[in-house]
Amino acid sequence: MVKPSFSDEIANLLHASHGNPLITCIQCGTCSGTCPAVDYMDHTPRRIIGMIRANLKDEVLNSNTFWYCASCYHCTVRCPAQIDIAETMYALKRYSIWKRVHQEGLVGPTFSETFVKTILRSGRSFEPILATSYLFSAGVRELIQEGVTATKMMLKGRLPMLPPRIKRLDNFKRMVSRVIPLEAE
Ligand code: SF4
Ligand code: SF4
């Protein structure tokens, strides 16, 4: 059996697209020119697509580009080749977590894993747990400020003390665990 290339694996993750949409990229740079987060990225969206096509797996996975994507979809709606670049960024995030390979020191991977695990445990997002994945990287001042704000919101009933749980949680867990390659606990 022939092992799929990195480029093929990413194409397979883009379930909604037919075939491999990235091979139609003409490297025009419209995505990079329109991206509001490009100044913070190691590689522009145009370049990251070129790197996927060149099977530069390690370089792609170790870049911060897809973790800095704000999912604004500007690139997707403007791409002349109709490539869903924002969805490609999501595919790279999923792949990176699945393979447990990412750049050190990024908030995104921990935040994403915490979010999915919280959802799998209760069926709902719970901000106090999510906050622990990024608050400690923001410094003591921000930590205290966030703590004060959270306490005020809890006292006014705007933030629950305990994680809310949905009904029929087991059914939900079974459904989600079929599509997300993460353990629930
Ligand atoms: S806008 Fe589309 S065609 Fe142009 S570089 Fe970006 S992905 Fe490729
Ligand atoms: S969806 Fe992501 S990559 Fe595309 S323009 Fe917005 S921030 Fe940039």
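Note: hydrogens, waters and symmetry copies are ignored here, and every other heavy atom, side chains too, is used. Both ligands and their constituent atoms are indexed starting at 1 by order of listing.
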- Message: With a 3.5 Å distance limit and no angle check, can you tell me whether Ser63 reaches the backbone of His43 through a side-chain donor-acceptor pair?
- Response: no
- Item | Protein contact to atom 2 (Fe) of ligand 1 [nearest heavy atom, distance to 0.1 Å] | Cys79 SG, 2.3 Å
- Query: When you measure from atom 6 (Fe) of ligand 2 to every protein heavy atom, which one gives the shortest distance, and what is it?
  - Reply: Cys72 SG, 2.3 Å
- Pull out every atom of ligand 2 sitting under 4.0 Å from any heavy atom of Tyr73, numbered as shown with elements. 1 (S), 6 (Fe)
- Task: Please identify which atoms of ligand 2 are closer than 4.0 Å to at least one heavy atom of Ala86.
- Result: 1 (S)
- Item | Nearest-option assignment for atom 5 (S) of ligand 1, heavy atoms, candidates Cys35, Gly29, Cys75 | Gly29
- Query: What protein heavy atom sits nearest atom 7 (S) of ligand 2, and how far away is it?
  - Reply: Ala70 N, 3.2 Å
- Note on the structure: Closest non-hydrogen atoms of Thr118 and Phe126, given as atom of the first, atom of the second and distance, are CG2-N, 3.7 Å
- Is a donor on one side and an acceptor on the other found under 3.5 Å between the side chain of Arg53 and the backbone of Cys25? yes
- Task: Would you mind running through ligand 1 and noting each atom that sits below 4.0 Å from a heavy atom of Thr30?
- Result: 1 (S)
- Query: Which of the atoms in ligand 1, numbered in the order shown and given with their element, are less than 4.0 Å from a heavy-atom of Ile85?
  - Reply: 7 (S)
- What atoms of ligand 1 come within less than 4.0 Å of a heavy atom belonging to Ile49? 7 (S)
- Query: Asn55 side chain to Ser5 main-chain N or O, any donor-acceptor pair under 3.5 Å?
  - Reply: no
- Query: Any idea which protein heavy atom is nearest atom 8 (Fe) of ligand 1, and the distance to it?
  - Reply: Cys25 SG, 2.4 Å
- Query: Can you tell me if Asp84 uses its side chain to pair, donor with acceptor, with the backbone of Thr76 under 3.5 Å?
  - Reply: no
- For the residue pair Trp98 and Tyr95, categorise the inter-ring angle as parallel (less than 30°), tilted (30 to 60°) or perpendicular (more than 60°). perpendicular
- Task: Confirm or rule out an N/O/S atom of Cys69, from backbone or side chain, lying less than 2.8 Å from atom 2 (Fe) of ligand 2.
- Result: yes
- Item | Note: Glu87-Arg94 ion pair, threshold 4.0 Å (strictly below) | yes
- Query: Looking at Gln27, which atoms of ligand 1 are within less than 4.0 Å of one of its heavy atoms?
  - Reply: 5 (S), 8 (Fe)
- In the protein, what heavy atom is nearest to atom 4 (Fe) of ligand 1, and what distance, to one decimal place, separates them? Cys28 SG, 2.3 Å
- Task: May I ask you to list the atoms of ligand 2 that are less than 4.0 angstrom from any heavy atom of Pro36?
- Result: 5 (S)
- Report the C-alpha distance between Arg78 and Thr34 in whole Å, list the side-chain angles of each, state the deciding distance to 0.1 Å, and finish with yes or no for side-chain hydrogen bond (donor to acceptor under 3.5 Å, both in side chains). CA-CA 8 Å; Arg78 290 179 182 160; Thr34 202; 2.4 Å; yes
- Message: Taking 4.0 angstrom as the limit and counting only heavy atoms of Pro80, give me the atoms of ligand 1 inside it, by number and element.
- Response: 1 (S)
- Message: Assess the residue pair Arg100 and Glu113 against the criterion (salt bridge (charged side-chain N to carboxylate O under 4.0 Å, His left out)); give the C-alpha distance rounded to whole Å, side-chain angles, the decisive distance to 0.1 Å, and a yes or no.
- Response: CA-CA 11 Å; Arg100 300 201 174 278; Glu113 276 203 61; 3.2 Å; yes
